[in-house]
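Order of listing sets the numbers, starting from 1, for every ligand and every atom in it.
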Amino acid sequence: MSLPEITARIDAACDRAGRSPAEVALIAVSKVQPDARVEAVLDAGHRVFGENRVQEAQGKWPAWKERYDGVELHLLGPLQSNKARPAMELFDAIHSVDRLKLARRMADMAQELGRCPDLFLQINTGEEGQKAGVAPAEADDFIHEVRALDLPVKGLMCIPPVEETPSLHFALLAKIAARNGLSGLSMGMSADFEEAIALGATHVRVGSAIFGERVTG
Ligand SMILES: *Cc1c(COP(=O)(O)O)cnc(C)c1O
């Protein structure tokens, strides 16, 4: 796979769904990839990237942001409250807001920094014990509470359980977003981004299908 192939598949999926490709952002997930692979994608002109860990991103993205104009960075992995500040300084969007304590910390930081990344609230659609995100039954209250903090909530994010049909989870996420008047849907990865687009994804997070298998992690 390669970037042009993924872009072509996104375009085709949009076409089938009667949607415009302009509605779907491709986040190239560069976590633990060798620098040369990421630079090849930057050189090809792609600018929207995703990382899982604040510390890893801090180690590589400031230099690339210097070299390449218009980089847009998305944090996809779990965020500890004590990393809220560096995360908010480095990232343009954070997809893993999953508890009120973190949201409150972000609201304080937003005051201090005078800006805030776009936020996606993570919903644990599969209700998996080990996975981050709020349970679907608690989603409406959580969305309401985070919005009351005056934070820029763009939409919702989910990571379906590996052994289940992803479409059921995408449909559930879309339903929760719709009834809360949220338009952003961060869903779909290498194996299922076309299904996600069919169900309304606005942000697909594609790693290995662009860069190749991750060497570690
Ligand atoms: C790693 C990761 C991705 C990308 O996964 P691929 O299967 O390599 O496309 C997407 N979203 C999150 C939250 C991830 O951690």
- With under 30° as parallel and over 60° as perpendicular, where do the rings of Phe49 and Trp61 fit, or are they tilted in between? tilted
- Message: Applying salt bridge (Lys or Arg N to Asp or Glu O under 4.0 Å), can you list everything that pairs with Arg85, at least two apart in sequence or on another chain?
- Response: Glu89, Glu112
Check ligand 1 against the protein and report each N/O to N/O distance under 3.5 Å, formatted as atom name, atom name, distance.
{"from": "ligand 1", "atom 1": "8 (O)", "to": "Ser208", "atom 2": "N", "distance (Å)": "2.7"}
{"from": "ligand 1", "atom 1": "8 (O)", "to": "Ser208", "atom 2": "OG", "distance (Å)": "2.8"}
{"from": "ligand 1", "atom 1": "8 (O)", "to": "Arg214", "atom 2": "NH1", "distance (Å)": "2.7"}
{"from": "ligand 1", "atom 1": "8 (O)", "to": "Arg214", "atom 2": "NH2", "distance (Å)": "3.3"}
{"from": "ligand 1", "atom 1": "9 (O)", "to": "Ser190", "atom 2": "N", "distance (Å)": "3.0"}
{"from": "ligand 1", "atom 1": "9 (O)", "to": "Ser190", "atom 2": "OG", "distance (Å)": "2.5"}
{"from": "ligand 1", "atom 1": "9 (O)", "to": "Gly207", "atom 2": "N", "distance (Å)": "2.8"}
{"from": "ligand 1", "atom 1": "11 (N)", "to": "Arg205", "atom 2": "NE", "distance (Å)": "2.9"}
{"from": "ligand 1", "atom 1": "15 (O)", "to": "Lys31", "atom 2": "NZ", "distance (Å)": "2.7"}
{"from": "ligand 1", "atom 1": "15 (O)", "to": "Asn52", "atom 2": "OD1", "distance (Å)": "3.1"}
{"from": "ligand 1", "atom 1": "15 (O)", "to": "Asn52", "atom 2": "ND2", "distance (Å)": "3.1"}

- Residue set satisfying side chain to side chain donor-acceptor pair (under 3.5 Å) with Asn180, at least two apart, ordered chain then number -> Asp140
- Query: With sequence neighbours left out, what residues match Glu72 under salt bridge (Lys or Arg N to Asp or Glu O under 4.0 Å)?
  - Reply: none
- Query: So which of Asp98, Ile176, Leu172 actually passes side-chain contact (heavy atoms from CB on, under 4.5 Å) with Ile123?
  - Reply: Ile176
- Note on the structure: For Pro152 and Pro117, the nearest pair of non-hydrogen atoms, with its separation, is CG-O, 3.4 Å
